[in-house]
Amino acid sequence: MKDVLLPCGECVPALGMGTWNIGDDRARRAEEIATLRLGLDLGLRLIDTAEMYGEGLSEELVGEAIAGRRDELFLVTKVYPHNAGRRDAVAACERSLRRLRTDRIDLYLLHWRGGVPLAETMEAFVALQQAGKIRHFGVSNLDLDDMRELWKVPGGDRVQTNQLLYNLGRRGIEWDLLPWLRERGVPVMAYSPIEQARLLRHAGLKAFAARHGIAPAQAALAWLLSRENVIAIPKTGRRDALRENAAALSIALDDAQLAELDALFPPPRGPRPLEML
Ligand code: NAP
């Protein structure tokens, strides 16, 4: 398993598991739980969830899936911006802990920037960390201006990641935000790494994958895994798809293949507003 080093000195797997929409449909529950457990068996021991996903249903399903295996994994969840105030964050974190059936969250993220001042959220995160409820904290969907502002706030430069929309078709952050984070040793956690399956229908990517004898999802994930300091968190609730995604770890794209992908999905030629889903 390729690892990514967090600023705190801890290593996490470069390929984890997302959980948006997981837990929403009772008929899929057993397969979704089996998929997350298979992921842990295959070394995808980072799970990303959020209090927002299914308004707690996703965290509950994760709690069930990781029962008895808590120490194996690096657990990430997120607080709603409207719950990211001094007191509300503590209550939201307690609710997440209960749903996840654990006593600590490894990485607690601000889901996106809302009306609560960043300084207040950082104060809440530091207090939660001191109380042992969260081990580390970070942010999501913060653009370069937000990050510069965050860096001036007490505790702001202790964030362990910025979770961002990043995939072959969404390369805007490569212009300025990604280099800024890289200079500071802050990894990007790439969400929607296969663009919620839309990339799999891209004719150019399909042809690329067919030429090289891999699946389109594997091409998209192997590309992200070839980047420095990037963690990818594809979501699937199906064991077959999980096996396919996990196999991307053993695909090393060579320079010629990376150049082919650059031609299909050109890097940015100037600054772009941060995209999010
Ligand atoms: P994604 O991982 O790019 O794509 C997920 C979709 O692709 C699902 O419909 C899944 O369906 C399908 N899929 C996965 N592997 C496949 C494969 N090998 N072949 C065919 N279909 C496949 O999109 P995402 O869920 O938006 O992003 C991943 C995770 O990032 C989320 O689950 C969430 O944890 C996080 N996220 C964070 C934010 C944020 O604002 N911070 C926003 C979006 C997402 P099946 O389940 O049926 O396989």
Side-chain angles (χ1 to χ4, degrees), residues 14-25 27-36 38-39 42 44 46-54 57-59 61-62 65 73-81 84 96 100 105 107-114 137-143 146 159-170 173 177 187-202 205-206 209 214-225 230-249 251 274-277:
L15 190 64
M17 294 184 278
T19 63
W20 194 8
N21 295 325
I22 272 189
D24 289 355
D25 180 354
R28 294 193 185 157
R29 194 172 183 85
E31 177 64 12
E32 289 172 343
I33 288 175
T35 303
L36 289 176
L38 175 65
L42 296 177
L44 278 62
L46 181 151
I47 298 184
D48 175 77
T49 186
E51 64 169 337
M52 186 190 92
Y53 301 164
L57 291 176
S58 160
E59 287 185 330
L61 185 138
V62 170
L73 77 141
F74 192 87
L75 187 54
V76 185
T77 194
K78 312 183 202 78
V79 62
Y80 265 125
S96 287
L100 290 162
I105 289 158
L107 182 57
Y108 200 39
L109 306 180
L110 171 64
H111 207 148
W112 65 90
R113 189 168 183 180
F137 54 87
V139 292
S140 178
N141 295 306
L142 259 56
D143 68 13
D146 294 327
V159 296
Q160 302 298 312
T161 193
N162 187 0
Q163 187 178 112
L164 298 165
L165 175 59
Y166 186 40
N167 64 45
L168 274 169
R170 308 270 198 170
I173 62 167
L177 181 53
V188 165
M189 201 176 285
Y191 75 70
S192 306
I194 57 173
E195 187 70 19
Q196 299 182 332
R198 289 183 290 276
L199 261 180
L200 312 184
R201 298 192 290 272
H202 185 283
L205 185 65
K206 277 164 71 176
I214 57 179
Q218 292 174 328
L221 294 173
W223 178 79
L224 278 171
L225 290 167
V230 173
I231 301 155
I233 48 167
K235 173 264 170 184
T236 178
R238 297 177 296 124
R239 280 172 287 181
D240 285 354
L242 184 106
R243 280 194 198 90
E244 182 172 287
N245 295 348
L249 283 162
I251 298 169
L274 181 65
E275 297 179 292
M276 52 185 90
L277 288 177

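Order of appearance sets the numbers: ligands from 1, and atoms from 1 within every ligand.
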Quick check for you: to the nearest 0.5 Å, what is the distance between Lys235 atom NZ and Thr35 atom OG1?
9.0 Å

Counting N and O atoms only, with roles assigned by atom type, does the side chain of Thr19 sit under 3.5 Å from a partner on the main chain of Asp48, one being a donor and the other an acceptor?
yes

Is it the case that over 12 heavy atoms from other parts of the model lie below 6.0 angstrom from the CZ atom of Arg28?
no

Angle class for the Tyr80/Trp112 ring planes (parallel below 30°, perpendicular above 60°, tilted otherwise)?
perpendicular

Using a strict cut-off of under 4.0 Å between a residue heavy atom and any atom of ligand 1, list the qualifying protein residues by chain and number.
Gly18, Thr19, Trp20, Asp48, Tyr53, Lys78, His111, Ser140, Asn141, Gln163, Tyr191, Ser192, Pro193, Ile194, Glu195, Gln196, Ala197, Leu200, Ala217, Ile233, Pro234, Lys235, Thr236, Gly237, Arg238, Ala241, Glu244, Asn245

Using the salt bridge (Lys or Arg N to Asp or Glu O under 4.0 Å) rule, collect all pairs that involve residues 188-200, keeping only residues at least two apart or in two chains.
Arg170-Glu195, Glu195-Arg198

With a 3.5 Å cut-off and no angle check, do the side chains of Glu59 and Thr49 form a donor-acceptor pair?
no

